[in-house]
*Asks:* 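Sharing a structure with you now.
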Amino acid sequence: MNSSGKAGSKARATPTADALHQGAVPRRGTLRLDAVKAIRKMILLGELPAGERLREIPLSDVLGMSRTPIREAFRTLAAEGLIDLLPNRSVVVSMPDKSEAADVFAVLGVLESLAGQLACRRMSRAQMEILDELQADLAACYETSDRLRYLEANRMIHEQIVQAADSPSLLLAWRLLLPRAERARHAAMVDQRCWAEGLAEHQAINAAIQARDERRLSRLLESHFARGVEKVKQAEARARAECRAARHALIRRQAGQS
């Protein structure tokens, strides 16, 4: 995070005289949501690694806002399981819970399976067209290896399906669990084969939506998340293998120096 980035953020966040005159000063709730989105993104991308302490003043400088929305954002992110609020009032990025990731994917699979059934009955033609456009975006991001935009399009597809179910309780439960799943999904998407499999699964899901085949869509969504559990486990196995290789390389270097 360089100084030019800080300056740019501050400039964007400072309302002009015209904006003040027109009453366009950002509301407190809007700033809190902006802070939540920005900090969440930094955590998911690994810019704020697990275990790193978060301080209000540096973050407020980077995001160009006061400490109050940052402090409020911390409470939201803690509820999502992305940060820990410690007894000494310090705030740290939480360590990913490997056992929890599999459980979260399993629960999301059940939620989206139900959402898929309801969406097939209630989805408007316009909503179906949006999903078709998002699927095209997904394929384009895969072709250009744009992982960040791919993951964003992926999230928007799932959110469109859940919103189309027209069930506020279902949407609330889904939104609470989603950040925990996204953190694991970002790690799994590093593998190109997993990425290709995910795209193929989404193509089948979109075809079922366009056909309003609720039974098939329900099965596809549940199996999509079940495979997500396996991808998380594969990502963990790769990480362990990389750690072993690094240790072995260190031992060989030390042996060569002795």
Side-chain angles (χ1 to χ4, degrees), residues 1-6 37-55 58-59 61-63 74 77-78 80-86 88 90-106 108-109 138-155 177-202 223-258:
M1 300 175 182
N2 56 36
S3 58
S4 63
K6 293 182 182 180
K37 290 177 182 177
I39 299 171
R40 183 194 291 136
K41 182 178 179 180
M42 286 188 274
I43 293 172
L44 294 178
L45 292 177
E47 294 173 6
L48 294 173
E52 178 161 331
R53 185 173 179 179
L54 303 182
R55 293 176 171 82
L59 281 171
D61 287 343
V62 170
L63 299 180
F74 284 165
L77 294 166
E80 294 178 353
L82 294 180
I83 65 173
D84 294 324
L85 305 179
L86 303 182
N88 63 356
S90 62
V91 181
V92 298
V93 179
S94 65
M95 300 296 293
D97 187 330
K98 296 177 182 178
S99 61
E100 182 194 51
D103 182 57
V104 168
F105 270 106
L108 276 173
L138 201 69
C141 292
Y142 174 80
E143 292 299 327
T144 57
S145 298
D146 191 335
R147 187 167 70 95
L148 182 58
R149 286 187 59 202
Y150 179 96
L151 288 164
E152 177 62 13
N154 179 85
R155 183 195 62 76
L177 286 173
L178 182 67
R180 301 168 190 254
E182 283 192 315
R183 197 173 186 185
R185 185 180 286 129
H186 273 68
M189 286 298 295
V190 172
D191 184 86
Q192 189 70 23
R193 185 174 59 83
C194 289
W195 194 352
E197 289 173 355
L199 177 64
E201 289 165 16
H202 266 284
S223 64
H224 180 61
F225 280 95
R227 279 191 279 272
V229 173
E230 292 306 313
K231 290 171 186 175
V232 169
K233 291 179 179 178
Q234 290 168 13
E236 291 170 359
R238 286 195 305 274
R240 289 193 297 270
E242 289 170 2
C243 286
R244 289 195 300 271
R247 282 199 303 270
H248 293 157
L250 177 60
I251 291 170
R252 285 195 298 271
R253 284 198 301 270
Q254 290 174 340
Q257 293 170 0
S258 60

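No experiment lies behind these values; they were computed from the predicted model shown.
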*Asks:* Can you sort out the partners of Asp84 under side-chain hydrogen bond (donor to acceptor under 3.5 Å, both in side chains), two or more places apart, ordered by chain and number?
*Replies:*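 Not a single residue meets the side-chain hydrogen bond (donor to acceptor under 3.5 Å, both in side chains) criterion with Asp84.
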*Asks:* Write down the atom of Leu177, the atom of Val104, and the distance for their closest heavy-atom approach.
*Replies:* O-CG1, 3.8 Å
*Asks:* Taking only residues two or more places apart in sequence, or in another chain, which ones meet Lys37 in a side chain to side chain contact (heavy atoms under 4.5 Å, CB included)?
*Replies:* Arg40
*Asks:* Looking at residues at least two apart in the chain, or sitting in another chain, which of them share a side chain to side chain contact (heavy atoms under 4.5 Å, CB included) with Ala140?
*Replies:*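 Listed in chain order: nothing, the list is empty.
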*Asks:* Quick one: are His202 and His224 in side-chain contact, heavy atoms under 4.5 Å?
*Replies:* yes
*Asks:* Going through the checks in order, is the side-chain contact (heavy atoms from CB on, under 4.5 Å) test met by Met42 and Leu54?
*Replies:* CA-CA 11 Å; Met42 286 188 274; Leu54 303 182; over 6 Å; no
*Asks:* Taking all atoms of both residues into account, what is the closest heavy-atom pair of Phe225 and Leu108, and its distance?
*Replies:* CE2-CB, 3.7 Å
*Asks:* Output yes when Glu197 and Arg227 qualify as a salt bridge under the 4.0 Å nitrogen-oxygen rule, no when they do not.
*Replies:* no
*Asks:* Taking ring-ring contact (aromatic ring centres under 6.0 Å, His included) as the definition, give me every residue that meets it alongside Phe74, ordered by chain and number, with sequence neighbours left out.
*Replies:*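 Per chain and number, Phe74 pairs via ring-ring contact (aromatic ring centres under 6.0 Å, His included) with no residue.
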*Asks:* Apply side-chain contact (heavy atoms from CB on, under 4.5 Å) to the pair Ile39 and Leu63, showing each step before the final yes or no.
*Replies:* CA-CA 9 Å; Ile39 299 171; Leu63 299 180; 4.1 Å; yes
*Asks:* Please round to the nearest 0.5 Å and tell me the distance separating atom CZ of Arg247 and atom CD1 of Ile251.
*Replies:* 7.5 Å
*Asks:* For Arg155, which residues count as a side-chain hydrogen bond (donor to acceptor under 3.5 Å, both in side chains) partner, sequence neighbours excluded?
*Replies:*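 Testing Arg155 for side-chain hydrogen bond (donor to acceptor under 3.5 Å, both in side chains), a comparison that skips the adjacent residues, returns Glu152, Glu159.
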*Asks:* Just how far is it from atom CG of Leu77 to atom CG of Leu48, taken to the nearest 0.5 Å?
*Replies:* 10.0 Å
*Asks:* Name all residues meeting the side chain to side chain contact (heavy atoms under 4.5 Å, CB included) criterion together with Ser90; count only those two or more places apart in sequence or in a different chain, and write none if there are none.
*Replies:*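 Ser90 satisfies side chain to side chain contact (heavy atoms under 4.5 Å, CB included) with Arg53, Leu86, Asn88 only.
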*Asks:* What is the minimum heavy-atom distance between Ala50 and Met95, and which atoms define it?
*Replies:*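 Nearest heavy atoms, Ala50 then Met95: CB-SD, 3.4 Å.
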*Asks:* What pair of heavy atoms forms the shortest contact from Ala196 to Tyr142, and how long is it?
*Replies:*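 Distance-wise, the nearest heavy atoms are CB-OH, 3.4 Å.
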